[in-house]
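Worksheet: one structure, shown below.
Residue numbers start from 1 in every chain, and the chains themselves are labelled A, B, ... in the order their sequence lines are given, proteins ahead of strands.
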Amino acid sequence: MKKTFWLLDVNHEVKDHRPEVWIWGIDEEGKRILIIDRNFLAYFYLLIKEKENPQAVMERIQTRKEDFPFLVKLKTVEKRFFGRPVKAIKVSCQDPDLIGRYSNVLRKVEGVEKCLEDDIRYSMRYLIDNDVTPCDWHEVKVEETENELGVQVDGVYLAKSFPQGVRRTEAPQLRILGFSMICFSPKGTPKPEKNPVAIISVATNAGDEVQFVAEDSDDKPVLESFIKYVRRFDPDILVGYGTNRQDWPYLLVRSRKLGVDLYVDRAKTEPHRSVFGHVSVMGRVNIDFFDFAEDFPEVKVKTLENVADFLGVMKLEKRKIIEDVDFLTYWQSPEKRPLLLKFSKENTQCVMGIADAMLDFAMQLSNLVGLPLDYVGTAAVGFRVEWFLIRRAYKIGELIPERVERPYFPYVGAIVLEPKPGVHEDIAVLDFKAMYPNIMITQNVSPDTYVSPTEPEPPGGVNVAPEVNHRFRAEPPGFYKKVLSHLIDVRDEITPKLEKLSPKSAEYRVLDARQKAVKVITNASYGYTGWIGARWYIKPVAEATTAWGRQTILNTIELSKKSGLEVVYGDTDSIFVKDDPEKIKKISEEVGRKFGLEIKHDKIYVRVLFTEAKKRYCGLLPDGRLDIVGLEVVRGDWAEVAKKVQERVLEIILKEQKPEKAVKFVRQYISDLRQKTVPYRNLIIWKTLTKPIEKYAVRAPHVEAARTLMKEGWDLSMGDKIGYVIVAGPGRLYEKAKPYVLASYDEVDLEYYVSNQVVPAAARILAMFGVTKEGLLPSKTPKTLLEFMED
DNA sequence: GCCTGATTTCTACCA
DNA sequence: ACTGGTAGAAATCAGGCG
């Protein structure tokens, strides 16, 4: 019989050296199924030295056959490696778990250059070779079998063929369960060895909401009923926020301590840590939306409530946020405990809302790059690109390079023009559409087309990058050219379809998620080639791409100037010119003709203000919105007071063009600030710990604040954001930084906020109009009657 | 020992 | 663990001064 299924999760098991691929899916009738495939052999390659005879190498291995009892097949194959034809031996092995050991021995055999693809996990190997993609439909011949294992599915099948892709767009009806929990300790970070799980709030996409609450400190029933609930609802997807790093590890330790089996999966195993720091729940997809928070650079402090607020899931102003430090107080007080329960329930509602907003994107990304839905979030951008490339490489017979450690050497990147400081009117922004990807396409820049200086010029000729003189085969099309053209085509096909659809329709959401996923991968592919951790790292590829980029932008500026278009600014792939539609049209056509690259007439600023600094400006759009770039307003490491003031100043300057009014506003704001009318939270400064605390060479305010928190028992590590305020007192700034949760308004050094936050942020803009920092301070003398009347 | 300017460290941004 | 280019604050260093 045949089964059509949508791929949810995959894992592998080895029993008596015999592997099984376990494919968890949903069939057309909505039945949850497990398909077991015992027919796929693990393998890796031995790359043969150029002058060696593969046959001879094979014989050498044969003589030592008894060392490799599970080696089942040796076969010579013709492949490509970085575009060059190579000879290799495909070594097939009965037990995938022995591949590491075998490859370590075989790589030393005479005539072997190196081992390749021995580091591809068996289950991924299965997906790649059979072109099985997660979050997609497939068809497979099967035979139903007994559910001997007692897994929680509607049917278990043995695969009788390898799966084949089936074209179907819509995903099946998935069961989604979201949860969040509340734990606390009298001091610092709660510890699962000591502190109970006070509350677990659960919600499902069937509309249920449940809370499991501890009786005093007895949380065994909490865990038990949570587990029971999960098993009864039987979700396909488990969603949470921060679950990979916090909730799951906590629940694991806690359940072990209480003697509870944390069987929330479909096969009676416990969640376990897997690749990329992800927690795997067998048969289900465990997604931590914290891993997707990076996709929202606008959200500076990536808490659940901030992400939910940003996505419009649950507005912050409608909530009462309870800080971790206050959990215990709320729990202990009979009047306040309901508020904590409400807070926890809302957290889970936020999780569900974020899942609703993000799941389509996560599924599309998983489908595009081919990584299972549960790892794709935890994989960093570089690995997402890499897995996408691995899949594509397989299709064209390219061997996957090994990961190697290499030293870091920087190379020259893009050009940034010196802005013309001041306010300019009617400025058009012209951008190159996907500049780096398109340069790679037009010049055939790719890891497999690079011709090193020692190599002779290939017959088809080469493209030579300016300045750096790296050469790339002009013909035939390289790996990158194929891959990137495909990605750009896919996106270009989606764009017109989106225009015809209602943004609320299911189809729109899926297509929009798809084009976003494609964009992410396209944009990261240049950077990937210059990343020393990349399998396909070739520095000249990255270096040549930026060199062509510089040449392109410089030539475009030349052309503009010749046509009488004044260029006031430019960065990497954009130029800012006086808006002159006819001349712009001419330039665009000329550039398209000459460089084969497309210029987008991106936007027009009614007015734009440049500071003397690069990468920091503010433009007024025709609809009245401000486009604020690089300035304090858009930075996460300035207090809200400074950002609010600067934003208002920009508004007054660009919309009303009244510097004096802006100065008055700043002075008034400062007096208000000194009167303590500004909310405490607007004084918090957030900074990230970018390395382990002991690695810091200097004493910085946020590091000192972090140390204070750690002394109070809080666990902090790399990547955590530290919120602190500056308190009054003598000494260096770092001595005056105090975690905001431990400080009170009365301690705050408001003069610091005046002189080091508000004034510099406002002066950055107003200095252009001859205003000094002193001029921004409220005058000590009382207002004259005239000044009073003017306000 | 104190002041000042130069240099280093650190973070977060832009494309 | 995608890249390089950039600004700006604060800490720290180095040298001059008396």
Taking any heavy-atom pair under 4.0 Å as a contact, classify A/Arg764: base, sugar-phosphate, or nothing. sugar-phosphate

Go through the structure and list residues passing side chain to side chain donor-acceptor pair (under 3.5 Å) with A/Tyr436, not counting sequence neighbours. none

My understanding is that only residues two or more places apart in sequence, or in another chain, count here; which of them pass side chain to side chain donor-acceptor pair (under 3.5 Å) with A/Lys687? none

Closer than 4.0 angstrom, basic N to acidic O: yes or no for A/Arg403 and A/Asp119? no

Side chain to side chain donor-acceptor pair (under 3.5 Å) partners for A/Lys738, two or more places apart: A/Glu747

So the side chain to side chain donor-acceptor pair (under 3.5 Å) pairs with at least one residue in residues 410-424 of chain A (sequence neighbours excluded) are A/Tyr411-A/Tyr526, A/Lys420-A/Glu566

Counting any heavy atom closer than 4.0 Å, what does A/Ala542 reach on the DNA or RNA strands: base, sugar-phosphate only, or nothing? nothing

Using side chain to side chain contact (heavy atoms under 4.5 Å, CB included) as the criterion, list what pairs up with A/Lys302, not counting sequence neighbours. A/Tyr241, A/Phe290, A/Ala293, A/Val299

So what does A/Arg384 touch, heavy atoms closer than 4.0 Å: a base, only the sugar-phosphate, or nothing? nothing

Tell me, please, the opening and closing nucleotides of DNA chain C, 5' to 3', among those with an atom under 4.0 angstrom from a non-hydrogen atom of chain A. C/dA1 to C/dT12

Can you list everything that forms a side chain to side chain contact (heavy atoms under 4.5 Å, CB included) with A/Glu294? Sequence neighbours excluded, please. none

Check every strand shown and say whether A/Tyr408 touches a base, only sugar-phosphate, or nothing at a heavy-atom separation below 4.0 Å. sugar-phosphate

Using a 4.0 Å cut-off on protein heavy atoms (strictly under), produce a 5'-to-3' string for nucleotides 3-13 of chain B with B for base contact, S for backbone-only sugar-phosphate contact, and - for none. ------SSBBS

Quick one, which residues of residues 520-537 of chain A touch DNA chain B with a heavy atom under 4.0 Å? none

Run the side chain to side chain donor-acceptor pair (under 3.5 Å) test against A/Asp637 and tell me which residues pass, sequence neighbours left out. A/Arg635

Suppose we screen for side chain to side chain contact (heavy atoms under 4.5 Å, CB included). Which residues come up paired with A/Val741, at least two apart in sequence or across chains? A/Glu323, A/Val325, A/Leu709, A/Pro739

Please identify each residue that fulfils side chain to side chain contact (heavy atoms under 4.5 Å, CB included) with A/Asn469, with sequence neighbours left out. A/Val464

Heavy atoms under 4.0 Å, any strand shown: does A/Asn756 hit a base, just sugar-phosphate, or nothing? sugar-phosphate

Relative to each other, are the rings of A/Trp548 and A/Phe472 parallel, tilted or perpendicular (30° and 60° limits)? tilted

Within the structure shown, what part of the strands sits under 4.0 Å from A/Tyr752 by heavy-atom distance: base, sugar-phosphate, or nothing? sugar-phosphate

